[in-house]
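What follows is one structure encoded as structure tokens, with my remarks underneath.
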Amino acid sequence: MPQSNHGGAPLRLGLAGLGTVGAGVIALLDANAALVAERAGRPVEVRAVSARDRHRSRGVDLGRFAWVDDSAELARRDDIDVLVELIGGADGPALTLARAALAAGKPLVTANKAMIAHHGLELAAAAEAAGVALRFEAAVAGGIPVIKGLREGAAANRLTDVSGILNGTCNYILTRMAADGLEFADVLADAQALGYAEVDPGFDIDGIDAAHKLAILAAIAFGTRPDIASVEAEGIRDVRLADIRQAADLGHVVRLVGRAAVEDGRLVQQVAPSLVPLAHPLAAIAGPLNAVVAEGDFVGRLTFSGAGAGAGPTASAVVADLIDIARGESGPAFAQATASLASLPPAGAAARTGRFYLRLEVEDRPGVLADLTAILRDARVSIESLVQPAPPAGAPALVAMLTHDTREADVRAAAAAMAALDATRGRPLVMPILPAHAP
Ligand SMILES: NC(=O)c1ccc[n+]([C@@H]2O[C@H](COP(=O)([O-])OP(=O)(O)OC[C@H]3O[C@@H](n4cnc5c(N)ncnc54)[C@H](OP(=O)(O)O)[C@@H]3O)[C@@H](O)[C@H]2O)c1
């Protein structure tokens, strides 16, 4: 047996939220207590917990911990060194607890992307003022140590682009649509039955969850203030099986991609269903997994992938943060002091350029294609290829186009003009195409 050297005073935790992640953290600390103590240099022990329902069974023994009804009270207890917030929600009790913890000069670990995306700057400044750590590894891509990777491992680089598959529910749905030849609504219903999607799936499938994570990643990658307000997010409700098939014919897969970059002094933050070339590392990410690809000026391309959610992976990230704190590490939450974080103007669609996929459905009659090409000409969008598979008799024709490099605003203007044509059925879909290599 190796000699144990974890004789230090235990790091005493107050844990608020005993759901999937909270119960997972307790289970991990139970299973790996000795290993965690070795690595932390001292035991890491839960002392008090809080949730809504004291009597709910959670699959872990809670009898050994003190219980408090009001989670903010955890911050005021003398027998607690660190607060672990696993309640969720941008505001409400999670934010109250976070503020109370930092005001009391206690470090805070959270998995709460909504709270960090909306209030991360305020909380990081409060942590700095108190000289304590604020850590949120689990908030982005669950078990994948991407925040640590960028904040610490890639700290010496100027990062130019960070792109990720940041929502496992969307990735599961898109992968299943492709694999089983199903439409979005059918897979969503199935995913809900299997527990991969929430009963109220809007946060996931409308891109909001991915937007929260992207805002956090962008701040860490580019030294900018977290700016959730300027993330442009679009979800996957409008992606059709036909789009996935067209993309496959063109050597691409469809993924919900969050992309952040600084271009001409402007901050690009966009979540959108996107065409990913098969040669890009994100194309290989299937099912509920997450991945992040970052481009650094000295390190080159980095790819992080793994489980983006679930009790075990998320607890792994939470406890890694706790081990850092037990070791006395308390560097800045967003990789540099909050006062030095830049505030960049957002790059809207007018400033974003690239190649795009544009699909619409039109009545199959003469003259329609001429109308479409006239719209493209007027919008100054040049087309690399256009496909129009023969529709079944009487059905509208699907027209899919790939553009050359162009301004996104011009493609969107063309799509809006096409939507207004009499012959058009439904809403046209525009998807960015990721370059296979860093731009
Ligand atoms: N689930 C994942 O895989 C995952 C992955 C990454 C990040 N996260 C983040 O982790 C956080 C927790 O997620 P989760 O999936 O574990 O959520 P969850 O299963 O819904 O658990 C939330 C917990 O918070 C408790 N709670 C609610 N209101 C409270 C209050 N006022 N005071 C104290 N406790 C309160 C609930 O108590 P009751 O149990 O008594 O109702 C429940 O135990 C969220 O920020 C989420 O975004 C989750």
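In each ligand, atom 1 is the first atom listed, and ligand 1 is the first ligand listed.
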Under 3.5 Å between some N or O of ligand 1 and some N or O of [X]?
X: Leu18; value: yes
X: Gly310; value: yes
X: Gly308; value: no
X: Arg58; value: yes
X: Gly142; value: no

Quiz item: Which is it for Met115 and ligand 1 at heavy atoms under 4.0 Å: side chain, backbone, both or neither?
Solution: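 For Met115, no heavy atom sits under 4.0 Å from ligand 1.
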
Quiz item: When you look for heavy atoms under 4.0 Å from ligand 1, do you find them on the side chain of Ala94, its backbone, both, or neither?
Solution: neither

Quiz item: Residues two or more places apart in sequence or in another chain: which of them pass salt bridge (Lys or Arg N to Asp or Glu O under 4.0 Å) with Asp79?
Solution: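 If we apply the salt bridge (Lys or Arg N to Asp or Glu O under 4.0 Å) test to Asp79, skipping adjacent residues, the hits are Arg77.
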
Self-check item: salt bridge (Lys or Arg N to Asp or Glu O under 4.0 Å) partners for Asp238, two or more places apart
Solution: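 Expected list: Arg427.
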
Quiz item: Starting from atom 42 (C) of ligand 1, which protein heavy atom do you reach first, and at what distance in Å?
Solution: Gly19 N, 3.7 Å

Practice problem: Could you tell me whether Asp69 and Arg54 make a salt bridge, using a distance below 4.0 angstrom between a side-chain N and a carboxylate O? | Solution: no

Quiz prompt | Pick from Ala138, Ala317, Pro313, Gly168: the one approaching atom 6 (C) of ligand 1 most closely through a non-hydrogen atom | solution = Ala138

Quiz item: Under 3.5 Å, is there a donor-acceptor pair between the side chain of Thr110 and the main chain of Glu85?
Solution: yes

Quiz item: Hey, what's the ring geometry for Phe334 with Phe136, parallel, tilted or perpendicular (30° and 60° as the breaks)?
Solution: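 Answer is tilted, since the angle falls between 30° and 60°.
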
